[in-house]
Amino acid sequence: MMKKILFLIMACVLAIGTVAKLKYDQVHDRSAPAVSPETAAQTPFTGAEKPAIEPGDVKLLQALDDEYTNLVETVMPSVVSVTTSRIVQLYPRGRNPVLDLFGLPGSQGNSARQQRIPAGVGSGVIVSQEGHIVTNYHVVASGDQIKVQLNDGRIADAKVIGGDQSLDIAVLKVGETGLRPLPFAEATRTKVGQLVFAIGSPFGFEETVTSGIVSAIGRPAVTEMGSEFVQTNADINPGNSGGPLINLRGEIVGINTWIFSQTGASVGIGFAIPSDIVRRALESIINTGGVERGYLGISMGDVTPDLAKRLKVRKGAVVDRVGQDSPAEHAGLRADDVIVSIGTRRIDDSASLRTNVLGLAIGEAVEMRVVRAGQEIRIAVTIGKAPENYFTGGPRGSPGSSTAPADRTRSPLEGVEVVRIPARQRRGLSRGIEGVMVSRVDADSPASGVLQPSDIIEEVDQQPVSDPEQFAQLLQDSSSDKHLLSIIRGRTRSFVVVR
């Protein structure tokens, strides 16, 4: 009897558990709809029939929205995407480059294979109906083929008309018609707090717009040329380089060039080359094929607290030295003069003087306000043409000097810097190894992608190299468009060819 009772109890428990499991599955099984299609069709649903806020209730915001949209739609056809590519040599494994370089027996069938690879991407802005496009020098420097994609989808081959590495400006030209150029803004009308838009094609995408304000004007440059930048908090994303920073009039305030960031992402500190610098460079490149810079011919410094007391002036550019036969000497400038304005522009320091002089035309006559021995005087000066290599050749503080080599055919190893092999590096080398260590390879150097920092160069064209001076002499004595290098990378010795 007891067994029957236990059996009945167990059967009841199992039945209850089965029912509970079925109910649980109905509730929690996501594979089956909780509500049948017939029931869902009968469920009421009433969506919103009108905007949460009528445009008439926010007339000012609606008008601003319409104005922003109209501005961007108007200027966007003038912004282009710029892509570059270059040919690289792919060498078969086990190939001896010496055979190919010197045409020795065995070179046939052992030649390198050429392949075109992407070299850079950026933006540009159309500045003439004839097809002139301004972009950054670094966008196009590492490529030998340049393609420009217009806003309407057309893709055109572009050629470089000219450029200037220190200014980071290059001018391209395409043979397309129906182009819409943008004008340049007057630099004197650009004010801190102005609303601006950075337009470009970051990461190769078209029609990318960020907005912000002009955060500062006259930010010091990091180039030897000494130009200044317009600072903005509008995001300048990677790939926006070369695109325009525009104002509410659709004018080019500057050319976006770089951001301040420790991560590579924008942190709200971007820099653009001012419109007057870009315009002068553009005109010079079109007319002469290069950038002709204006200059005064002085070395200068800033007003320090000690100088402020002695010279009785708080701000300005202090003349340290006047170059012989320079525009400054002809105008009558003297050492210890403090330049406080040039033309209509105030001068706060030496950097602002450099920028403003570069924004003036060669041969232009302007008036300077100068403080001399505590008294303000006015001096007329005619802006001169800077001697070749003036901004990069001579020692600092020596106006007019020029020690850089004259223009010549570009060396395959241009942009490669070498140093003596450091002691820590030498400890890892076999005894008797001589050479120089690569300390830097510029991105636009022909050797970029072939050499890299820490490479040890033992020989150049089978000539042993023992120090940086000998390396420089070998390059100076050579007119070849290719070099055979014996290098050590890590624990591997190999030959490489740089063309």
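- Residues L413 and V498 form a side-chain contact, since some pair of their non-hydrogen atoms from C-beta on lies under 4.5 Å apart.
- Inspection of the D320 and S299 side chains reveals no N or O donor paired with an N or O acceptor under 3.5 Å.
- The CG atom of L179 sits 4.5 Å away from atom CD1 of I126, with the distance rounded to the nearest 0.5 Å.
- In this structure, V79 and N151 have side chains that are not in contact, with every pair of non-hydrogen atoms separated by 4.5 Å or more.
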Go through D442 and R440 one step at a time and tell me if the salt bridge (charged side-chain N to carboxylate O under 4.0 Å, His left out) criterion holds. CA-CA 6 Å; D442 291 344; R440 191 182 77 177; 3.1 Å; yes
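- Here the NZ-OG distance, from K385 to S284, works out to 8.0 Å after rounding to the nearest 0.5 Å.
- Of all non-hydrogen atoms in V441 and L451, the two that sit nearest each other are CG2-O, 3.9 Å.
- Remark: side-chain polar atoms of D455 are paired, donor with acceptor, to backbone N or O of Q452 under 3.5 angstrom.
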Under the side chain to side chain contact (heavy atoms under 4.5 Å, CB included) rule, what do I286 and H132 come out as? Steps first, then yes or no, please. CA-CA 9 Å; I286 291 175; H132 293 93; 4.0 Å; yes
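- In this structure the side chain of I456 reaches within 4.5 angstrom of the side chain of I421, judged on heavy atoms.
- Scanning both residues, T257 and F229, for their nearest heavy atoms gives CG2-CE2, 3.6 Å.
- In this structure a side-chain-to-backbone donor-acceptor pair under 3.5 Å is missing from T382 to E364.
- A 6.0 Å sphere centred on CZ of R334 holds no more than 12 heavy atoms belonging to other residues, nucleotides or ligands.
- Of the inter-residue distances, the one linking I298 atom CD1 with L353 atom CG reads 5.5 Å to the nearest 0.5 angstrom.
- At distances below 3.5 Å, at least one donor-acceptor pair connects side-chain atoms of S326 with backbone N or O atoms of G323.
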Where do L282 and V134 land on the side chain to side chain contact (heavy atoms under 4.5 Å, CB included) test, with the steps shown first? CA-CA 8 Å; L282 169 66; V134 171; 4.1 Å; yes
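- A salt bridge between R249 and E186 is absent, with no side-chain N of the basic residue lying under 4.0 Å from a carboxylate O of the acidic one.
- Residues T84 and I146 approach most closely at CG2-CG1, 4.0 Å, considering heavy atoms.
- Annotation: the span from L360 atom CG to L296 atom CG amounts to 8.5 Å, rounded to 0.5 Å.
- Look at D349 and K315 and you find no salt bridge, because none of the NZ, NE, NH1 or NH2 atoms lies under 4.0 Å from a carboxylate O.
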Run V127 and V171 through side chain to side chain contact (heavy atoms under 4.5 Å, CB included) and show every step you take. CA-CA 10 Å; V127 292; V171 179; 5.9 Å; no
I would like to know whether Q231 and V192 meet side chain to side chain contact (heavy atoms under 4.5 Å, CB included); could you show each step before the answer? CA-CA 9 Å; Q231 181 182 326; V192 174; over 6 Å; no
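- Panel note: side chain S123, backbone G200; no donor-acceptor pair is recorded below 3.5 Å.
- A 4.5 Å side-chain heavy-atom check between E176 and L150 finds at least one atom pair inside the cut-off.
- Atom CD of E469 has more than 12 heavy atoms from other residues, nucleotides or ligands within 6.0 Å.
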Evaluate the salt bridge (charged side-chain N to carboxylate O under 4.0 Å, His left out) criterion for residues D152 and R180: first the C-alpha distance (whole Å), next the side-chain angles of each, then the deciding distance (0.1 Å), finally the verdict. CA-CA 12 Å; D152 58 12; R180 295 173 57 179; over 6 Å; no
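- Between V465 and L474, the closest side-chain pair of non-hydrogen atoms falls below 4.5 Å.
- One N or O on the side chain of N247 and one on the backbone of G250 form a donor-acceptor pair closer than 3.5 Å.
- The shortest distance between side-chain heavy atoms of V319 and D336 does not fall below 4.5 Å.
- For the side chain to side chain contact (heavy atoms under 4.5 Å, CB included) test with I273, the passing option among V253, N136, N256 is N136; the others fail.
- A pairwise comparison of heavy atoms in V214 and K191 identifies CB-O, 3.5 Å as the closest pair.
- Within the 3.5 Å criterion, the main-chain N or O of Q149 finds no donor-acceptor partner in the side chain of S81.
- When atom types are taken as modelled, the side chain of D164 and the backbone of I169 share no donor-acceptor pair closer than 3.5 angstrom.
- A donor-acceptor pair is defined here as one N or O able to donate and one able to accept, closer than 3.5 Å; no such pair exists between the side chain of Q194 and the backbone of T190.
- A salt bridge does not link D157 to K173: none of the charged side-chain nitrogens sits closer than 4.0 Å to a carboxylate oxygen.
- Expressed to the nearest 0.5 Å, how far CG of L245 lies from OG of S275 amounts to 10.0 Å.
- Checking side-chain atoms of S439 against main-chain N and O of E417 turns up a donor-acceptor pair under 3.5 Å.
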Do R321 and E329 pass the salt bridge (charged side-chain N to carboxylate O under 4.0 Å, His left out) test, and can you show the C-alpha distance, the side-chain angles, and the key distance before you say yes or no? CA-CA 10 Å; R321 180 181 170 190; E329 183 185 57; over 6 Å; no
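- Between V418 and F471, the closest heavy-atom pair is CG2-CD2, 3.6 Å.
- A361 and I383 make their closest contact through O-CB, 3.6 Å (heavy atoms, listed as atom of the first residue, atom of the second, distance).
- Between M437 and P422, the closest side-chain pair of non-hydrogen atoms falls below 4.5 Å.
- Expressed to the nearest 0.5 Å, how far OG of S78 lies from CD1 of I133 amounts to 10.5 Å.
- Screening I379, V381, I342, I347 against V370 for a side chain to side chain contact (heavy atoms under 4.5 Å, CB included) leaves a single residue, I379.
- In this structure, D302 and V318 have side chains that are not in contact, with every pair of non-hydrogen atoms separated by 4.5 Å or more.
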